[in-house]
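Below: one structure, written as structure tokens.
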Amino acid sequence: MGRGVVADFGLSELFSGLCHTDTLDPFPVWRDGAISPCFNQLVLGALAHSVVAVFSACYLSPSQNHKTGHISDSSLTILSFCITQMQPPPVLSPVGERSYTSMSVNDADSSLLIPESSYQDTGEVVAEDGSSFISHLMYLWLNPLLRRGRRGELEKPCNVYLLPRRLRTSAVRRHFLRCWEDLLHKAFGLRYYLLGVLKLAGNMLSFAGPLLLSSLVQYMKEEGAPISQGAWCATGLFFSTFFSALIRNIFAFEVSKVSLSARAALISAIYGKALRVSGGSLAARFTLGEVVNFMSTDTDHVINFFNSFHEVWSLPFQFSIALYLLYLQVGVAFLGGLGVALLLVPLIKVLASKIMENNKHMLTHKDSRVRLMTEVLFGIRVIKFYNWEAYFAQKIADCRRQELSHLKAIKYLDAVCVYTWGSLPIVISIITFVTYVLLGNELTAAKVFTALALVGMLIVPLNSFPWVVNGTLEAKVSLDRIQLFLKLPNQDLDAYFSSDTESPKGSLMLHSLNLSITKVLFFFLVRQGSLVVVVGKVGCGKSSLLAAITGELNRRGGDVYVQGREDGFGLAAQEPWIQHATVRDNILFGKDYNSSFYQAVVEACALTDDLNILPNGDRTEVGENGVTLSGGQKARLALARAVYMEKDIFLLDDPLAAVDSDVAHHLMERCIMGILRSKTRILCTHRIEFVDKADVVILMDNGTIIKTGTPEEVLPLVEAVPKKRKNDSNQGLSNELFAEEESSLSRGEQKAVGGLAWKVYHTYWRAVGGALAVSILLSLLLMQASKNVSDWWLSHWISNLRNNGSAQSVLMPAYSSPHLLLFSPGGLMYPVNIMETTAFANMSSEVKFYLTVYGSIAGANTVFTAFRAFLFAFGGIRAASVVHNRLLDTVLKATVTFFDTTPLGRILNRFSSDLYSVDDTLPFFLNILLTNIFGLLGMLVVMSYGLPWFLVALLPLGLLYHRTQHFYRHTSRDLKRLCSLTLSPVYSHFSETLSGLGTIRASSSASRFEEENERRLEQNQRCLFLSNAAMQWLDIRLQMIGVVVVTGISVIAVFQHQFKSIDPGLVGLSLSYALSSTGLLSGLIFNFTQTEMQLVSVERTEEYSTTLPTEPQHSNPQVPTSWPEQGWVEFRGAVLSYREGLPNALDGVSLVVRPGEKVGVVGRTGSGKSTLFLALFRMVELNQGQILLDGVDTSQVGLAQLRSKLAIIPQDPFLFSGTVRENLDPCGHHPDSRLLEALEHCHLSPVINRIGGLGAEVGEQGKSLSLGQRQLLCLARALLTEANILCIDEATASVDQKTDKLLQQTIREKFQDKTVLTIAHRISTIMDSDRVLVMHSGKVVEFDTPADLCQRDDSIFCKLVGGRGE
């Protein structure tokens, strides 16, 4: 209800409308013999708020209206304010049958004042905002979500709460941009630094435990001490542990909120920068992979710093306090133990630096492996065609071997650290106590157990500090890297473009333009509505010219005028960028759907036929990078997207290269000259037959415009090809796949539900090795047992001293006051007098015995600790190696269909983040988890032995603990899975954005993409925030159980002391264990959940290792090595469908290709041309029929045998990062002279020599070569082959006419005696074939010589040659 309305009607009217009551009695307490529903919900449901409200109302308005059951307007004012400050309470008890209209407290979150159902949909609730103080403290606002999680209803990200308003990504981003200059410091610094006060308070309270323990044990020793003294100790223990738990919990949650805000700010800033950064500076400084790393790895490092920073000052502070308190306990004897600890600090520093160094090397090799894996997945079809799996598997294995060698070093160094810190407390204790006794002092229970607790507190800072410093340094390095990226110069379009207000919209001019990668471009002017065609040979700078117009290059001189550039350009890039979305979403590109215009665009871009053969038409989802589309379909889809943008200027980079003759004419007539006729169009093309339609023709060579003029002036300079030579139909090697895929081919990644299957644990157990796993568990058991026995021995020793205490009464004059024990140095150190010396001499043999046994047990403990540390390290490395090898082996053997229907990022996730978990994170958490489990068992045994009464409380506490963790784990596991599930879209969207940066910026769509990133990030942040909150929900409950345990033990001890004598040694031992129970309990659940979460990575890798459809791996030893000698190819009744229920892609194909014959293959989209090649190479297996090579059935031959005997030149050129030599001949079969000869034949020698010869790097996916040059390099590969059967999927689509003519001549000469099958783009390519095969709907419709087919009037081929549109 708006404010004006409230002002008009008053609060009485507001409440009467809300409660459906009379305005004279708007808020009744009693109604129809029962409490009124409104009063029940608003008052009784939130009693604390109501009391405050009524009290405040009384104070503000002394004169009350005392009507029965009626509260005054002033009370209502306060009450209504309080209601808005809290979450709506649950109904205490439903009264009456009447249903009430729901009313929203807040429009933004739609939280209902009176819920319509028993629980609100959690996806509409705002987390935390408006909840009460108690609800904040105990995370009660999280309960509905946890209940929903337990019911298994957290299936989608939309099921979780909305973020609190101040943590919403948009709010954080706005705040961050306002503080941009100082980056994170100014944006989040003050709030973060203030949390240090909480940290300090928590640290101070943590020291109260050991001091109060000392007082309690001292009280136990005094016979007849008043019970009040013990009660005060027990009360002190309760309050110190209670407030310490609360403060630590609040601190952890608030830090997680700050780090979440910083994460949102950083990711948004990196994404925004990527959209605005100048193209030239980005390409010069960073690779695509590095930029994605800024958002993932580097951001994670910076966020982890938020957990580390307060530890940087807090750990030295804790250390100093613990040291001082230890000095108060044992005097200068503490120096012995401290000396050992300090001697180890340089060792730890050396270990830490070694670990960091190895980590850096390991990450370098990991990056290399993931980069190589990316390329392998990107070119998996080509790798399978060429039978290169073994070569690439070896390459990846080499990278992995180097990576594991450094991982091994890290794990063993880690093991040394674990061993050192595991054995340090006992070593320090022994040295301290021995020194103390040798100085002539007597050990007492109070001293021993207070000292033990303090030694434990000393170890934590010493242990953690090197890692905290490393984490801080890591964050600094990452922050510097991110800042380096954020400081790159932005694209300054105002400076790049010159202004010319007089020109009409849609006109542009370039004048003496000098760019960073091309030579001088002379003056040319394009008027509005004209068609400019740019021609020139491969690599002459046509694409660079278009990039110059959009502002993607760095201008060094000259001028660029573009009228109306703010509206953007309609860009169809040479390498089409397709989003992972439906066909319609790709075309609309964020614009509203206009049915008539949309249909006109689809028709103009010749997509109608393609959409008709899809199960869901334009609602069909296309794969990542358009993986399921052919080259032609991608080009036309990108063109349709550009046209639908309705811009004034269209930049078309060779959209006609990858389409057949009919389609090319259709696009020219209906699209470029039709629907775009009134627009300014710049078309780069190699299709000379369309140049005569241009208003202006630009001829380029070597980055320079050498001629501008009319078609008549420029065409004579270009080697023209007769217009009758038209293209034949081809849609690339995946056209049929596109036609036959299901409408949503790459269904969203599945989120596993429920608990982890035992199979996952069993898988990891097997990967480690059964015998090794048993050895690890045994060493852990012995380590824990020896530690507990050593502690028990101490208490036994003290008890004996107490019982023997003949000299004790003489030796302990200063123990009358516990305060002296704690705070008076005089009460701790005694002057060594004659009496003490005598006593020490008398009992030295006994002390010696106890010390020897204690030392022996401690020595055994260090041995078991060492065994456990090194065995665990070895087991982790072994498991990492086994898991990776199985995964790689299965993925490389998987069928092509799997790769076509699975996004590349999803597979890559298994090889990067999932394997990183298996390598590093899983062993880390599993190690701590197992230590915690054995530690907890040891603790329970010792406490039960020391105070048998504790067993009474153990059962209810155990049940409570089990219920709490069980309640938490369901939701926690689902939230963790949702975190992973929502993180992938953030990274994949970023990668997709980086790939299509040119198109996004050219079309002025950057702000829309930023909003999309914000939306995806918000979903991930919601899950992450609630995952953190759930962890703190559990933590506070477990801490409270710990508080109960400590208080319970101290109360039991006090009572037992009153009724009978109790052993102070055992009480001290039990209490010192109890004090650590809170950390152990919360650590157990946290590490169990973390281990489960990391085991999800094992589950995911195992899923691929065991369930992927793989290709048959058998081989046939009877096939001779020289097969097939002749090159005879025969199809006999071949029937093939991609999946059950789909139409046949090949439908009874029977044909014979004779040895040495040259056959051209033509046909429309979906006719089955590409499927012939796929069937021949057994990429997809036949349903019926046979394919024979030299009379041998290919299904009886091993895949490796078959593919190694065939050669193919695919349409999409695949190059991997490496040298030209490695790309031509990865297996090293040919000498350099042969490679150079092949390059010469492909007219690539000048280019290769210019970039540095055979040893030159070709860049990521061959980026340093143009598309045409990459196709030529792939052709050179085929020239090196010894195969007798060659399949060519027109490999010269992006090559100019002149080069194409020379290449066709080369192919004819080099493959003179070989069988050649060619899917053709240009009719000129196949006119001199021996025979032409015409396919339609998976059937052979014509198969004869070109001459004979041209004689027949009804011939489809004849119509193609005759052509249309002339």
Side-chain angles (χ1 to χ4, degrees), residues 271-286 288 291 485-501 503-526 528 532 534 541-575 577 589 638 641-642 645 647-653 679-684 698 700 703-705 993-1010 1263:
Y271 188 89
K273 184 67 181 182
L275 285 173
R276 292 177 185 85
V277 69
S278 133
S281 56
L282 180 65
R285 298 294 294 275
F286 303 107
L288 188 141
V291 179
F485 172 67
L486 294 178
K487 284 177 181 171
L488 286 179
N490 278 357
Q491 208 184 26
D492 187 357
L493 296 181
D494 292 329
Y496 183 88
F497 291 103
S498 309
S499 55
D500 178 19
T501 51
S503 304
K505 208 172 185 185
S507 55
L508 56 94
M509 180 171 80
L510 277 73
H511 187 278
S512 307
L513 187 62
N514 186 4
L515 299 158
S516 55
I517 63 163
T518 58
K519 293 186 179 177
V520 178
L521 297 163
F522 291 106
F523 172 90
F524 79 87
L525 171 70
V526 180
Q528 182 190 9
V532 178
V534 185
K542 299 185 293 297
S543 300
S544 299
L545 173 65
L546 297 188
I549 294 169
T550 59
E552 286 297 315
L553 301 182
N554 294 335
R555 178 170 63 84
R556 290 180 174 174
D559 298 301
V560 186
Y561 299 100
V562 178
Q563 200 59 32
R565 66 170 175 79
E566 297 82 5
D567 300 333
F569 306 88
L571 173 67
Q574 185 178 20
E575 292 184 66
W577 172 67
F589 202 56
R641 176 178 61 208
M645 288 179 198
K647 304 292 184 187
D648 291 308
I649 300 172
F650 286 85
L651 308 175
L652 311 173
D653 197 352
K679 309 286 187 181
T680 306
R681 295 140 294 163
I682 299 180
L683 170 69
C684 298
I698 296 172
M700 293 189 69
T704 306
I705 295 176
T993 302
L994 289 172
S995 309
L997 217 44
T999 305
I1000 294 166
R1001 296 207 283 215
S1003 60
S1004 301
S1005 304
S1007 57
R1008 183 171 65 80
F1009 272 77
E1010 250 184 306
K1263 289 291 185 221

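Since the structure is predicted, the reported quantities are computational estimates derived from the model, not experimental observations. By convention here, the first residue in the shown sequence is residue 1.
Summarising the geometry of F589 relative to R1008, their closest heavy-atom pair is O-NH2, 2.9 Å, with the distance given to 0.1 Å. Across all non-hydrogen atoms, the minimal contact from A642 to G570 is CB-C, 3.9 Å. Here the closest heavy-atom approach between residue R276 and residue R1001 is recorded as C-NH1, 3.6 Å. Here the closest heavy-atom approach between residue L545 and residue M700 is recorded as CD2-SD, 4.0 Å. Summarising the geometry of M645 relative to S1003, their closest heavy-atom pair is SD-CB, 3.4 Å, with the distance given to 0.1 Å.
Every residue two or more places apart in sequence or in another chain was checked for a side chain to side chain donor-acceptor pair (under 3.5 Å) with T999, and none qualifies. With sequence neighbours left out, S995 forms a side chain to side chain contact (heavy atoms under 4.5 Å, CB included) with L288, W577. Residues forming a side chain to side chain contact (heavy atoms under 4.5 Å, CB included) with S543 (at least two apart in sequence, or on another chain): Q574, D653.
Between the CD1 atom in I705 and the NZ atom in K542 there is a gap of 12.5 Å [rounded to 0.5 Å]. For the atom pair NZ (K679) and CD1 (I649), the distance works out to 10.5 Å, reported to the nearest 0.5 Å. Rounding to the nearest 0.5 angstrom, the gap separating the CZ atom in F1009 from the OG1 atom in T993 is 5.5 Å. Distance check: T680 OG1 to F650 CZ gives 9.5 Å after rounding to the nearest 0.5 Å. L571 CG to T550 OG1: the interatomic distance, rounded to the nearest 0.5 Å, is 6.5 Å.
Residues L997 and L275 form a side-chain contact, since some pair of their non-hydrogen atoms from C-beta on lies under 4.5 Å apart. Inter-residue side-chain proximity for V562 and F569 is flagged as met; some heavy-atom pair is nearer than 4.5 Å.
At least one donor-acceptor pair under 3.5 Å links the side chain of K273 to the backbone N or O of L486. Within the 3.5 Å criterion, the main-chain N or O of G551 finds a donor-acceptor partner in the side chain of Q491.
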